[in-house]
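Notes follow once the structure below has been shown.
In each ligand, atom 1 is the first atom listed, and ligand 1 is the first ligand listed.
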Amino acid sequence: MSWRDFPKVELHLHLEGAAPPAFIRGMAAEKNEDLSGIFTEDGSYVYRDFWHFLDVYAAAASVLQTPEDFHRLTRAVFAVSAANGVVFCETFLSPDFCGGRDVGAWKDYLAAIRAAADEAEREDGITLRGVVTAIRHFGPDKARETAICAAETAGDWLVGFGLAGDERSGEPQNFAWAFDCAREAGLGITVHAGEWRGPESVRNALEVTPSRLGHGVRAIEDPGLVELLAEEGIVLEVCPGSNVTLGVYPSLSAHPIAKLREAGVPVTISTDDPPFFQTTMSQEFEGLDQTFGWSEEDFDALNATALKAAFCDETTRTRVAKRLERP
Ligand code: ADE
Ligand code: ZN
């Protein structure tokens, strides 16, 4: 069955990582930048492994230079999401790529992204909220500046703060100042963990008291931790296609999402950086249906878990819940 028209809630999508390659090629041409090394002959992104992916990601993002560029990017990305049935998405935004973490510049970029989000809501029927993410391998000092950008713009649209990037470059506790700053500004907290490192990275991430974890799937290697996540209701933003394409698991059938769910861990489904992993939310749903036999009722439950875990306000949650109702 095609899951394209089934309504979907997505919690984990990096805005620059969702840039269609043709969009980035077009931007590069407009700015006379040579990005040919990051594309295959057929025009897809090319990278060797996760760490090279992070470099290619940064190279692609380097042609996004003005608030207007991010306005265009936001429209392009969420036209694709809406065409795949996504009715609500919390998108990860990086002040690192939007004015180099300068608060004044960041406000201009955010205003452009929000204007595009309003247009996407009106014209494409998708509701968006933003989650600022610091980039772990840029270090705690830059994360502090990023958190200040987030805190200065926290509100009804900018609703969360997270940590992405290379998990091997430092524990979340090293970023405690940034997390405290964001939490004090009322932002929800999510941390990438348990993707490239094992269960100890998930336990360490819990020290900064997130309500959600980006990935978190390698918690499966520690049954006590799985029990803890289930008891505490820590929500996993699971990105199965990303994990399989990057080689965290050899196939979807070897992916632990179904086991985590059976153990009572709240799991949700996202695409992470869809064009890099040749995926869409429709394809994620199709793969999970084919591999684990998940039904409409299963996906209703997964959407409900995601909406409950969203950092948005209650009015928005109620409005989106109506969009998820099916005849
Ligand atoms: N940034 C973009 N995608 C990411 C991923 N899968 N893990 C960590 N950082 C990221
Ligand atoms: Zn991610």
Side-chain angles (χ1 to χ4, degrees), residues 10-21 24 38 45-62 64 73 77 81 86 89-98 129-139 142-143 146 160-172 174-175 178 188-198 201-202 204-205 208 210 212-219 235-249 255-257 267-281 284 306 309-311:
E10 179 166 35
L11 298 181
H12 188 127
L13 179 87
H14 299 263
L15 180 60
E16 307 84 19
I24 293 295
I38 70 166
Y45 293 116
V46 65
Y47 52 89
R48 289 184 299 279
D49 54 23
F50 174 67
W51 295 273
H52 188 218
F53 153 78
L54 291 176
D55 291 341
V56 170
Y57 183 113
S62 72
L64 300 162
L73 173 68
V77 165
S81 297
V86 179
C89 180
E90 288 189 355
T91 182
F92 293 152
L93 307 172
S94 305
D96 293 280
F97 298 126
C98 295
R129 293 293 182 267
V131 174
V132 160
T133 46
I135 299 178
R136 199 182 297 211
H137 50 275
F138 291 178
K142 295 206 166 90
T146 307
F161 178 77
L163 186 64
D166 185 357
E167 240 182 274
R168 296 182 181 172
S169 63
E171 298 301 347
N174 301 345
F175 298 81
I189 302 293
T190 174
V191 186
H192 279 58
E195 179 190 19
W196 293 102
R197 291 178 53 213
S201 77
V202 175
N204 287 338
V208 298
R212 302 185 344 211
L213 293 170
H215 304 284
V217 287
R218 289 193 54 198
V235 175
L236 302 191
E237 302 156 3
V238 183
C239 308
S242 161
N243 295 155
V244 172
T245 305
L246 287 170
V248 181
Y249 297 102
H255 194 284
I257 186 169
V267 299
T268 62
I269 304 160
S270 292
T271 54
D272 210 6
D273 309 283
F276 282 90
F277 310 135
Q278 324 274 355
T279 191
T280 61
M281 280 294 274
E284 296 292 332
F311 296 141

Subject >> Backbone of Leu163 reached by a side-chain donor or acceptor of His192 within 3.5 Å >> reply: yes
Original post:
When you draw lines from the Zn ion (ligand 2) to NE2 of His14 and to OD1 of Asp272, what angle lies between them, to the nearest 10°?
Top reply: 90°
Original post:
What is the distance from atom CD1 of Ile189 to atom CZ of Arg212, rounded to the nearest 0.5 Å?
Top reply: 10.5 Å
Original post:
In the protein, what heavy atom is nearest to atom 1 (N) of ligand 1, and what distance, to one decimal place, separates them?
Top reply: His14 CE1, 3.5 Å
Original post:
What protein heavy atom sits nearest atom 7 (N) of ligand 1, and how far off is it?
Top reply: Glu195 OE1, 2.8 Å
Subject >> Under 3.5 Å donor-acceptor, Glu90 side chain and Phe311 backbone >> reply: yes
Original post:
Hey, which N, O or S atom on His192 ends up closest to the Zn ion (ligand 2)?
Top reply: NE2
Original post:
Below 2.8 Å, any N, O or S contact between His215 and the Zn ion (ligand 2)?
Top reply: no
Original post:
At what distance, to the nearest 0.5 angstrom, does CD1 of Ile269 lie from CG of Leu236?
Top reply: 12.0 Å
Original post:
Can a non-hydrogen atom of Phe92 be found less than 4.0 Å from any atom of ligand 1?
Top reply: no
Original post:
For ligand 1, is Arg136 a contact, meaning one of its heavy atoms is under 4.0 Å away?
Top reply: no
Original post:
How close does the nearest protein non-hydrogen atom get to atom 3 (N) of ligand 1, and which residue and atom is it?
Top reply: Asp273 OD2, 2.7 Å
Subject >> Expected output: side-chain Glu167 to main-chain Glu195 donor-acceptor under 3.5 Å >> reply: yes
Original post:
Short list, please: which atoms of ligand 1 are under 4.0 Å from a heavy atom of Phe50?
Top reply: 5 (C), 7 (N), 8 (C)
Original post:
Tyr57 heavy atoms, cut-off 4.0 Å: which ligand 1 atoms fall inside?
Top reply: 2 (C)
Original post:
Between the side chain of Glu284 and the main-chain N/O of Gly241, is any donor-acceptor distance below 3.5 Å?
Top reply: yes
Original post:
Purely on distance, is any nitrogen or oxygen of Gly165 under 3.5 Å from one on ligand 1?
Top reply: yes
Original post:
Considering only protein heavy atoms, which is closest to atom 6 (N) of ligand 1, and at what distance to one decimal place?
Top reply: Asp272 OD2, 2.6 Å
Original post:
When the ring planes of Phe92 and His14 are compared, do they come out parallel, tilted or perpendicular, using 30° and 60° as the limits?
Top reply: perpendicular
**OP:** Tell me, please: is Trp196 in heavy-atom contact with ligand 1, that is, under 4.0 Å?
**Re:** no
**OP:** Evaluate the criterion side chain to side chain contact (heavy atoms under 4.5 Å, CB included) for residue pair Phe277 and Thr271; output intermediate values, then yes/no.
**Re:** CA-CA 8 Å; Phe277 310 135; Thr271 54; over 6 Å; no
Subject >> For His215, the ligand 1 atoms whose distance to one of its heavy atoms is below 4.0 Å >> reply: 6 (N)
**OP:** To the nearest 0.5 Å, tell me how far Arg136 CZ sits from Arg168 CZ.
**Re:** 11.5 Å
